[in-house]
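Below is one structure, written out as structure tokens, with a few remarks after it.
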Amino acid sequence: MATLALGNLPSLRRQHLLSEFAGLKQACPEGVFISLTPDNPALWAGVLFVRDGPYASAILRFQIAFPDSYPRLPPLFTFTTDMFHPLITPLTTYMYTTDIQDNGTVSATDAERLPPGGFSLRHGFPEWFGRGRRSIAAAKRATEQASATPGPQPHSAPTSDSKSAGSTSASQASYMQTKQKNVSLYDVLKYVRSTFDSEEILDSLPLDAAGNPNAWHAWRTHRRKLGKLPAGPADSDGTEEVPLSNEDISTGGDAKPVAVPQQQVRDPSEWNWDGVWELRVKKAIAASLSEPVLYGGATTGAGDDVIRFSPMDEEDVESIKSNLRRTLEGSA
């Protein structure tokens with residue numbers, strides 16, 4: 001999803017993005033700050049302050065890149081702050097796809113591949129993505145075929161219920177087709193924020209929507225431990241008692257069976273995820289609060305330095321709060 005420079009972006013698309021940005025300046029989800037990248041309205045920079053929930057106190061930098069076909073195709077959210085999250089592809093990953101087909105194949109031209117730090121929007125906005133688009137297209141074709149195929153003439157006039165059912169079916173297909181083109185950036189940003197401060201959202205994530213399957217398994221193990229989710233497959237350490245062969249038994253004849261790791265590859269759901277989520281997230285939150293991340297020097301990606309912070313001591317903060325109170329009281 002390559003971004004476009006100001007001169008190459010179609011005028012209508014540029015105006016659309018600038019209009020959405022102007023709206024976000026007036027009303028942005030709480031804790032989210034957005035800024036335009038100079039001379040490139042197709043690349044935005046953002047900072048998310050997580051104030052509640054399982055990732056509380058984290059400060060995350062991200063970018064939003066808009067494809068030239070937006071809003072028909074979704075924007076690409078990329079987090080430059082490393083975070084162990086079910087929907088965020090690890091920064092150490094080369095590329096990850098959320099569009100694995102039923103037969104397990106992945107196209108080399110897959111448009112849904114996520115780069116390192118990429119955030120999966122599949123769960124919140126499935127109509128934007130492969131399976132959602134395929135189901136929408138199938139529903140539309142079925143509706144068109146049903147309306148184009150002449151059926152047997154009824155001997156009696158259709159009832160009001162049948163008319164209502166037919167009109168509902170047609171209107172539903174039409175609504176599904178237009179829904180993906182009317183998603184606002186406010187709704188997308190609100191959803192992204194909710195995946196950090198809402199346990200319920202994280203609990204509802206299916207594995208095929210995850211950008212980081214390991215974080216997905218670790219989160220669910222964490223929730224089962226708290227009694228918030230049903231118990232899953234039992235964890236094991238991957239070892240089992242295996243007797244030695246005759247070739248391995250010494251001449252003394254006193255060798256005993258030992259526990260040796262099995263070489264078979266186990267499904268990630270069978271791995272021991274106990275404590276992994278708590279440890280990884282605690283470290284990631286601490287790293288997100290480090291001074292280089294907040295005040296510059298650690299980020300090098302385009303747009304990372306658009307939103308800057310200044311270190312202040314307690315006295316400076318209280319002075320600013322006092323000035324704001326006086327201004328608000330005077331305006332009131």
> Name the one of Asp52, Ile201, Leu60 that satisfies side chain to side chain contact (heavy atoms under 4.5 Å, CB included) with Phe196?
Replying inline: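 For Phe196, the side chain to side chain contact (heavy atoms under 4.5 Å, CB included) check succeeds only for Leu60.
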>> Regarding Asp274 and Lys225, does a basic nitrogen lie under 4.0 Å from an acidic carboxylate oxygen?
In response: yes
> Between Lys228 and Asp203, is there a side-chain N and carboxylate O pair less than 4.0 Å apart?
Replying inline: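 Looking at Lys228 and Asp203, the cut-off is not met.
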Is the centre of the [X] ring less than 6.0 Å from the centre of the [Y] ring?
X	Y	value
Trp277	Tyr55	yes
Phe77	Phe125	no
Phe66	Trp44	yes

>> So if I apply the side-chain hydrogen bond (donor to acceptor under 3.5 Å, both in side chains) rule between His222 and each of His217, Glu278, Glu199, which one comes out positive?
In response: Glu278
> Only one of Arg13, Arg14, Glu20 clears side-chain hydrogen bond (donor to acceptor under 3.5 Å, both in side chains) with His16; which?
Replying inline: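 With His16 as partner, Arg13, Arg14, Glu20 yield a single side-chain hydrogen bond (donor to acceptor under 3.5 Å, both in side chains), made by Glu20.
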Heavy-atom closest contact ([X] atom, [Y] atom, distance):
X	Y	result
Ser57	Ile285	OG-CG2, 3.4 Å
Pro90	Gly211	CD-O, 4.1 Å
Pro67	Pro75	CD-CA, 4.1 Å
Pro29	Arg193	C-NH1, 4.0 Å

> Would you say the side-chain atoms of His123 and Tyr191 include a donor-acceptor pair closer than 3.5 Å?
Replying inline: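 Looking only at side-chain atoms, Tyr191 and His123 do form a donor-acceptor pair, the distance falling under 3.5 Å.
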> Are Trp273 and Leu279 linked, directly or through other ILVMFWY residues, by side chains that come within less than 4.5 angstrom of each other?
Replying inline: no
> Leu229 and Leu202: same hydrophobic cluster, using ILVMFWY side-chain contacts below 4.5 Å?
Replying inline: no
Roughly how far, to the nearest 0.5 Å, is [atom2] of [Y] from [atom1] of [X]?
X	Y	atom1	atom2	value
Arg224	Trp219	CZ	CH2	12.0 Å
Leu185	Leu17	CG	CG	7.5 Å
Arg220	Leu207	CZ	CG	9.0 Å
Leu328	Asn323	CG	CG	11.0 Å

>> Within the 4.5 Å heavy-atom criterion, are Phe79 and Leu87 side-chain neighbours or not?
In response: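 Heavy-atom side-chain distance check fails, nothing below 4.5 Å.
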>> Set out, in order, the CA-CA distance, both residues' side-chain angles and the distance that settles side-chain contact (heavy atoms from CB on, under 4.5 Å) for Ile59 and Thr81, then state yes or no.
In response: CA-CA 8 Å; Ile59 301 178; Thr81 304; over 6 Å; no
>> More than 12 heavy atoms of other residues, nucleotides or ligands under 6.0 Å from CD of Glu200: yes or no?
In response: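 Result for CD/Glu200: enclosed.
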> Which of parallel (below 30°), tilted (30 to 60°) and perpendicular (above 60°) describes Phe49 and Phe33?
Replying inline: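 Correct class here is perpendicular.
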>> Using side-chain contact (heavy atoms from CB on, under 4.5 Å), reason through Ile64 and Leu189 one step at a time and then give a plain yes or no.
In response: CA-CA 10 Å; Ile64 310 175; Leu189 288 169; 4.1 Å; yes
> Yes or no on side-chain contact (heavy atoms from CB on, under 4.5 Å) for Phe62 and Ile34, after CA distance, side-chain angles and deciding distance?
Replying inline: CA-CA 9 Å; Phe62 62 91; Ile34 298 293; 3.8 Å; yes
>> The test is side-chain contact (heavy atoms from CB on, under 4.5 Å); show your working for Thr195 and Leu205 and say whether it passes.
In response: CA-CA 9 Å; Thr195 65; Leu205 296 177; 5.5 Å; no
